[in-house]
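None of the values given here were measured: they were computed from a predicted structure.
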4 protein chains.
Amino acid sequence: MQSHDKYYGKGGILKDSAQEILINTAYKYDTQEYDFLLKELNYVDLAYAIMLIEQNIIPENDGKVLLKGLLQVKESIDSGQFDKESILGDIYNLKTAMLEEKIGDIAGWIHIGRARREAINMAFLMHTKKDILDLLRVLTRLIQEIVKKAKESIDVVMPDYTYLQHAQPTRFSHYILTFVYPMLRDIERLLQCYDHFDCSPGGSGSVNGTTLPIDRERLKVLLKFSHIAYHTRDAMWQVDIPIEAASSITMMMTNISRFTEELLIWNSTEFNLVQFPDSLCRASVIMPQKRNPYPLAYIRGIAGKTIGLVSNFASYGKVISGSPDNRIFIYADLPNALKMCNGALTLFTTVIHDMQINDQQMRKYAEDDFIYATDLADYLSYHFSIPYKQSHKVVGKVIRTLIESHAHPSDITVQLLNDALIDIVGHSIDIDDQTLAKIINLDRMLDARKTPGAASQKEVELMIDSIESSLEEYNNKIESKINALNYDDLIELAKKRSQSL
Amino acid sequence: MQSHDKYYGKGGILKDSAQEILINTAYKYDTQEYDFLLKELNYVDLAYAIMLIEQNIIPENDGKVLLKGLLQVKESIDSGQFDKESILGDIYNLKTAMLEEKIGDIAGWIHIGRARREAINMAFLMHTKKDILDLLRVLTRLIQEIVKKAKESIDVVMPDYTYLQHAQPTRFSHYILTFVYPMLRDIERLLQCYDHFDCSPGGSGSVNGTTLPIDRERLKVLLKFSHIAYHTRDAMWQVDIPIEAASSITMMMTNISRFTEELLIWNSTEFNLVQFPDSLCRASVIMPQKRNPYPLAYIRGIAGKTIGLVSNFASYGKVISGSPDNRIFIYADLPNALKMCNGALTLFTTVIHDMQINDQQMRKYAEDDFIYATDLADYLSYHFSIPYKQSHKVVGKVIRTLIESHAHPSDITVQLLNDALIDIVGHSIDIDDQTLAKIINLDRMLDARKTPGAASQKEVELMIDSIESSLEEYNNKIESKINALNYDDLIELAKKRSQSL
Amino acid sequence: MQSHDKYYGKGGILKDSAQEILINTAYKYDTQEYDFLLKELNYVDLAYAIMLIEQNIIPENDGKVLLKGLLQVKESIDSGQFDKESILGDIYNLKTAMLEEKIGDIAGWIHIGRARREAINMAFLMHTKKDILDLLRVLTRLIQEIVKKAKESIDVVMPDYTYLQHAQPTRFSHYILTFVYPMLRDIERLLQCYDHFDCSPGGSGSVNGTTLPIDRERLKVLLKFSHIAYHTRDAMWQVDIPIEAASSITMMMTNISRFTEELLIWNSTEFNLVQFPDSLCRASVIMPQKRNPYPLAYIRGIAGKTIGLVSNFASYGKVISGSPDNRIFIYADLPNALKMCNGALTLFTTVIHDMQINDQQMRKYAEDDFIYATDLADYLSYHFSIPYKQSHKVVGKVIRTLIESHAHPSDITVQLLNDALIDIVGHSIDIDDQTLAKIINLDRMLDARKTPGAASQKEVELMIDSIESSLEEYNNKIESKINALNYDDLIELAKKRSQSL
Amino acid sequence: MQSHDKYYGKGGILKDSAQEILINTAYKYDTQEYDFLLKELNYVDLAYAIMLIEQNIIPENDGKVLLKGLLQVKESIDSGQFDKESILGDIYNLKTAMLEEKIGDIAGWIHIGRARREAINMAFLMHTKKDILDLLRVLTRLIQEIVKKAKESIDVVMPDYTYLQHAQPTRFSHYILTFVYPMLRDIERLLQCYDHFDCSPGGSGSVNGTTLPIDRERLKVLLKFSHIAYHTRDAMWQVDIPIEAASSITMMMTNISRFTEELLIWNSTEFNLVQFPDSLCRASVIMPQKRNPYPLAYIRGIAGKTIGLVSNFASYGKVISGSPDNRIFIYADLPNALKMCNGALTLFTTVIHDMQINDQQMRKYAEDDFIYATDLADYLSYHFSIPYKQSHKVVGKVIRTLIESHAHPSDITVQLLNDALIDIVGHSIDIDDQTLAKIINLDRMLDARKTPGAASQKEVELMIDSIESSLEEYNNKIESKINALNYDDLIELAKKRSQSL
């Protein structure tokens, strides 16, 4: 049969097949850019055919032929042995043309009671569900790797930075856990988003139901959805859930972007806080000395790629409800974005695993600067009842004096302190230099940070325990959902039915 | 005291106060654009002072004076009687300058153990929590109004549209519930987002805790947070949660945008499906006949305003973690956006309430077109075992014939049908004209749509019941959260302590 | 040779080749997603090799071999006969591996004095220049088609719409020219953008020049650039120009989006103003009667796809200047976006060409409504010295009366007018019903719109002339630029040199 | 008169005034958020009144009263003495209510032949034209300041960075000029954008002209526009030009964002390349030692604020053409964004002016690393005919050896080089250690970078000259345009006419 004669509707409502330019633009897009959905699309058809048979909507023998045909189509799809003729219009028609080739007119039963949009939409949801779960899985692995690093480096002391300036003493382990907490929220958000993708629109008729005895519940079960997207018109035209997925990954990648950005800075010769092995560096083509941390740039780039996605998807959605363009581009864009993020996270997990920490350098920066300033001012206020703003001014002035005389931070003396106190508060205090030295001692300052969530060893260990126990729970949930997405029994059932009928 | 002398840090680490250009740009922004947070900021300080006293971090008498001062500052804020001197740098310093003016150096205690970022951040979270709950409240009211409209119009029949073309028969009530289901998901998303805003960063020290005996739990309780944002550095530098709020409202407004867009179309002379009263129309200045549905344009515009917000917030967040610019602009932008959406939803609730439905016109469009086509093809397939693609072609051809002869859709005959059947399937069928008329009868088609979530009266009523019961649950949750955000007892406690000490 | 041994830098600064995960994510991206640049990349290498020979930077004989090798590589690229091994890292290394395979170590000369970024960047600019010109070409064709339609429909009268409500009488030709004027501005913007892409970064060394006698001017000429991007570091790290291209197409597509959206509305049964042939419609799989204007939905979707692109590209650019991620993703994203828009415009040109205008329906809507209101109020004010707000009120009141009594717009009488005048202005006027009929006559109203740019036939014709003359000028400019981008002489020169040396 | 009675259209087409919720949302927005346009709006009315008089569209005496009234309104606006009653609906009606209060019904003439949208749109364009020119002015000043810095630091040597790793030797002056070249392109883009704002829509009738003898040319001249936006419907509904302005500033701020980001890094203790005076630093409230470079964070934040603006504006524009929401929000958003960027640039100019460069540290980093690697490999290839990939490998290997033995970069010897050469290329070369030292000498490497646009002193000076001459030209153009936007003569003319009539 000529391709143009296979064109749906030709001879019916349409006199002509499509023009070349339509085939070469829109139809080419719809047959090629999201053809990875063909696999799930065939599951959808198999389940639909089984339900049609069970409900006596189609004749038994035709049903048997239909299932046989669809199982043959599965072979073709799995082996990639088929043409992607743009003339057919989209992957749905592409697939049914394959079916027609195998079983002739009986293939025409597959269209009963169902819009193409429903079928592709189902396939899209099933595919994306898998992508979301896979992403959740690599996200938990990344967290595990960061937590492992935090455990290993519990003794590593470094300055905390604000404005990229030395702020207060911290632990490297406390620092990197900064990025884990948003990831735990990412997991929550992705799981909620998953729930919204886990609602079957199957059996919606065109858009407001059908007079045929379609069984929506059966479709849901066969295709491993947890819920039915109840209102059929909502089910068909939802615009929120792809935006929800897009925004979930935007948040996730924004967090990772700032982490990679910091690692790029820590990796500079000037900072020299972390290093990466050759197997994660790229040589410059021109500069023989360069070992470029290309993975970090790549990962940050992927983050940039997600910014704009929500605007994009929201723009698709900002059209009246019965418009196909609110979803057609998302069929390709969302799975591609999820897979790209998956790759970025997997790569980042290796980056974290292989990262070497320069603990001596970290400690040195912490020791060679005035990061004791807050603790000293706290001491003055707490022990000598000086309102903090005054203590702050006193310590600030002492540090200014030390800086102006090019002294080392450890050169601070009780004398200097008392000079400033007299000048600003009007009286001196009675402490000795040993006490002063103790106050500004790095390890003491860290151990004394005992507020919940602070940088003391005990608190960091508590947080690690807590994260690990959350993770275990999330992991179980994710793995159990992944296991549920197995369509082998559907295939088995289709095989059995195709023979037994 | 000269303004410049009040400049924080001057005389301490800083020799000079700020330059004019810094005052006139950044500082002007930080003192004026989110000054609505001052109210909550003072609650934060009151709670902080109470905790400092309870933990013996500050002397009892100083604490008493401090509380008195803060209560006086509350008066000034409530009455709006204070200068917004940009020189002070931001609302935090503005407020502490007010405090200093009232109680002198003792005001300096308020800074102990706490970054300005923590204080403003707390105020921002508290303010935004209220904004989110208020938005949730108006969202539930909007849903109630739509559901009410759906109930009233349960008998109103109209054509469903895809591509703005007549598709299948539906009920107006089924149609408008399309927009309710995404709103229910919006509620879920906003509630999850609320939970993330409901975590107190209070007591984080600068960023990794403090050596002072700060009581984080107490701060949480006093300021009505449900949880503590445990990891102190995460608590200080979260970039995900404003993005989460922004994306939640983007989804919400995208749904509302398409609804308003459709109402604008339904309101055209050509469609004439809905009308609005004069009190919701705006006159044209030049064209005397115009009654413009300005509210719809305004609401859609607000939706457009939210698109871009996620990109914007994600861009703020895509900087290294210790950077203040990841939050300063959001202090103003997010509350403003939430309030704007609140207004749009409230206005839209009135629009829905006052909208008149032209039920005769709706029915006429449904009757004067071929929206029976699917049901007829279903009938052919289901009752005469013709694969659907064939039935589709048959019915399509009949309709093409009717269109070409300028016949009315109801002019379809068994003869025409059988001609097409013979031509395409090779045989005719045995039905009479009465049966045919019955198949394509509008009310029958609707009643027979019995799949779950379909447009039959029973299903629509079921959905209305289900929505109403969800709504009640959500309403209780929202109102109980709103009630919890009452700070009167904090004020009482502060008053009591300021006297009793 | 093992793939891993071909890895650039291995054995030099790098001990190891890349890890699998790096190869399977970043390197896979960089070898596969913008491999369409390979063709131009080889032109860049050919020109570079010629320049190196001319400047005696490489030995004559090596140069001859190098050119021969590159010409062989051209064959491989043209025929698509080569592996895309991700291990090589990116298309640059992929291509030089092909070269090495053909000519061995001499291939190593191609890297002298040049970063991989310069080479790929050049190829990207060359490729994108072509894409921009191609887009400009189809944009001018689209304008021509719209202008042709405007000419053909100069007599077609319709109501102008604001808020989708009947506003004033207009011509269809005036209406569709609305969309042409922004397109003329699009041409200007795209031409300015083209100029920024037409600056050669060739010969920048790594980033701040080189000590070798590289000839930048020669590279520019050989590769058909019009200018040199002078400052070498700017040349290497420009982030503005991809954003400029993205924003240019965003503006272009936003204009086209609103046009397609209006055509979708005009195409509804209710409006019935325009129709499209079967060859531009898509059948519904389920609804036999549907002839969906899928091209319009597709084109509008492409417009949605461009929204978000500027945020995306700006996010890439919002990193410190020496970061590769500010460009790597754009290598694929920008050409793909330009090609997608090109397809959308080409398709839209056919849509316009094939669109049938329902001129009777258009006129009917114009006649059956109160679109004469402004002209009538103008008349009252202009001829009877009544301040316009009063005339507006008078006419408004008359129309309200007519509507309330369900009268036709043409039922307006002098009596009704005078009643309202007496009520509002306090006196009547002296005109007869014929005069009134003349005032509100559709054709008179249109002919009398003589302000520049208005809807009178004369003005519309003037605008058409003016657009056509602009178009001719633009066309000449675009075609001459397209002709200039011919690299045949470069190939010829390379062939000659490869033999003659 | 009661506010509600002043409501436009009431008593005419509208029976009722607006509902409270409409007044408190949309109308509040339209009366308060862009009220800064009132000044220009009155100029627009004055010019319009003068034209109406000249064209005899309104009676002479009424015209005189009208002008007098408008001049009185000018006083009220200038002094800020007027109510902003939301009930009136928008700033247009607000202003005409002021006029009515002063001159009664004669005020009603101002509405003849003109839509509110035209009037506000004109005011918006005039206001934005000024904002764009002001921005251009501060942009040129910023460039001047950077160029001045470049001149002063012509001798300052530093490492160039890619991936934040030492790349090659450069000059600080060459480095900072990186950011000037995009600014020159910004100027071009803003000037083209300005031209599109400089087209008067005045005299468009409602949207397709008018039958009144309106003089569009006269309006253009009186209001200092350079061109007429010819097609009246385009003139009324342009959506591209605000997007163009938004994208122009997005590009500008993206460039500035990366510059500020680098300065934040250069300002860290670890890099210590630049420093800022106390008057540009902000003290931490808690940490006494901190001198935070707040201006840089603020400026970068403003850049983030512009990302998302194009999506936002394009979303407004993605609605059918006659929709007011495609512009109403932009009336406030665009001027606010332009002013915010203006402030950021002015602040940044001071930051650059006051920035101290640590030239010794810069040179030290350049000397203490292997940034000579490229030049050495170039030398090997150029002087000893070794294909570059081999030289690259040789030098890479030598450096790896030096790093592994913890040697200083200057410890490289001919012996080490020859060892690697023998190993990789198979032979040694004949140079002495003095020659080697000369090759890798920092100053020699820089002076020898003679390619156009490179980092040699001569080339940097050439570029500075060229920039300065471009700047002068741009400055003249900008200042002449600013001078042209003077409306004093319009006021004078109005005064004269109001008396002389």
Side-chain angles (χ1 to χ4, degrees), chain B residues 159 161-168 261 264-273 278 282-294 296-297 307-308 310-312 314-315 318-319 365 368-374 376-378 388-389 391-400 403 409, chain C residues 159 161-168 261 264-273 278 282-294 296-297 307-308 310-312 314-315 318-319 365 368-374 376-378 388-389 391-400 403 409:
Chain B
Y161 294 84
T162 61
Y163 292 84
L164 212 54
Q165 309 266 334
H166 297 160
Q168 296 199 352
E261 192 135 321
L264 276 163
I265 296 174
W266 301 167
N267 186 225
S268 65
T269 306
E270 283 75 4
F271 273 83
N272 190 25
L273 300 183
D278 284 6
R282 195 168 77 164
S284 161
V285 160
I286 180 169
M287 295 178 281
Q289 87 280 19
K290 296 290 303 282
R291 292 170 64 260
N292 290 323
Y294 188 61
L296 294 175
I307 296 183
V310 166
S311 303
N312 183 351
S315 294
K318 221 178 140 284
V319 293
Y365 288 135
D368 285 359
D369 212 343
F370 299 95
I371 63 175
Y372 57 68
T374 310
L376 179 54
D378 281 348
Y388 191 78
K389 192 178 177 183
S391 305
H392 180 283
K393 201 170 184 176
V394 166
V395 176
K397 197 180 173 190
V398 170
I399 291 172
R400 180 144 62 88
I403 291 171
Chain C
Y161 294 84
T162 62
Y163 291 84
L164 211 54
Q165 310 267 333
H166 298 160
Q168 295 199 352
E261 191 136 322
L264 276 162
I265 296 174
W266 302 166
N267 185 225
S268 67
T269 307
E270 284 75 3
F271 273 83
N272 189 23
L273 300 183
D278 284 5
R282 194 167 78 165
S284 161
V285 159
I286 180 169
M287 294 177 280
Q289 88 280 20
K290 295 290 304 280
R291 293 170 64 259
N292 291 323
Y294 188 61
L296 293 175
I307 294 183
V310 165
S311 303
N312 183 350
S315 294
K318 221 177 140 283
V319 293
Y365 287 135
D368 284 359
D369 211 343
F370 299 95
I371 63 175
Y372 58 67
T374 310
L376 179 55
D378 280 349
Y388 191 77
K389 191 179 177 184
S391 305
H392 180 282
K393 199 170 184 176
V394 166
V395 175
K397 197 181 173 189
V398 170
I399 290 171
R400 179 145 60 89
I403 291 171

Heavy-atom pair count under 4.5 Å with chain C, highest-scoring of Phe271(B), Tyr161(B), Phe370(B) | Phe271(B)

Where do His166(B) and Ile371(B) come nearest, in terms of heavy atoms and distance?
-> CB-CG2, 3.6 Å

Could you walk me through whether Lys290(B) and Thr162(C) pass the side-chain hydrogen bond (donor to acceptor under 3.5 Å, both in side chains) check?
-> CA-CA 9 Å; Lys290(B) 296 290 303 282; Thr162(C) 62; 2.3 Å; yes

The salt bridge (Lys or Arg N to Asp or Glu O under 4.0 Å) partners of Asp278(B) (sequence neighbours excluded) come to Arg291(B)

Considering all heavy atoms, the nearest Val319(C)-Lys318(B) contact | CG1-NZ, 3.8 Å

Which one of Ile286(B), Leu164(B), Ile399(B) has the most heavy-atom pairs closer than 4.5 Å to chain C?
-> Ile286(B)

Measure the shortest side-chain to side-chain distance between Gln165(B) and Met287(C) over non-hydrogen atoms and say whether it is less than 4.5 angstrom.
-> no

Indicate yes or no: at least one non-hydrogen side-chain atom of Tyr388(B) is less than 4.5 angstrom from one of Thr374(B).
-> yes

Interface residue of largest heavy-atom contact number with chain C, from Val395(B), Ile307(B), Asn292(B), under 4.5 Å = Asn292(B)

Select, from Lys393(B), Arg400(B), Gln168(B), the one with the greatest count of heavy-atom pairs under 4.5 Å involving chain C.
-> Gln168(B)

Donor-acceptor under 3.5 Å (Glu270(C) side chain, Thr269(B) main chain) = no

Contacting region of Ser284(B) [heavy-atom separation from chain C under 4.5 Å] = backbone

Which atoms of Tyr163(C) approach chain B - backbone, side chain, both or neither, heavy atom under 4.5 Å | both

Which bit of Ala167(C) comes within less than 4.5 Å of chain B, counting heavy atoms only: side chain, backbone, both or neither?
-> both

Residue among Ala373(C), Gly308(C), Ala377(C) with most heavy-atom pairs under 4.5 Å to chain B | Ala373(C)

Would you mind telling me which of Leu376(C), Leu264(C), Asn267(C) has the largest number of heavy-atom pairs within less than 4.5 Å of chain B?
-> Asn267(C)

Which atoms of Ser311(B) come close to chain C, meaning under 4.5 Å heavy atom to heavy atom: side chain ones, backbone ones, both, or neither?
-> side chain

Examine whether an atom of Val285(B) lies under 4.5 Å from a heavy atom of chain C, and if so say whether it belongs to the side chain, the backbone or both; otherwise answer neither.
-> backbone

Residues forming a side chain to side chain donor-acceptor pair (under 3.5 Å) with Lys397(B), sequence neighbours excluded = Asp423(B)

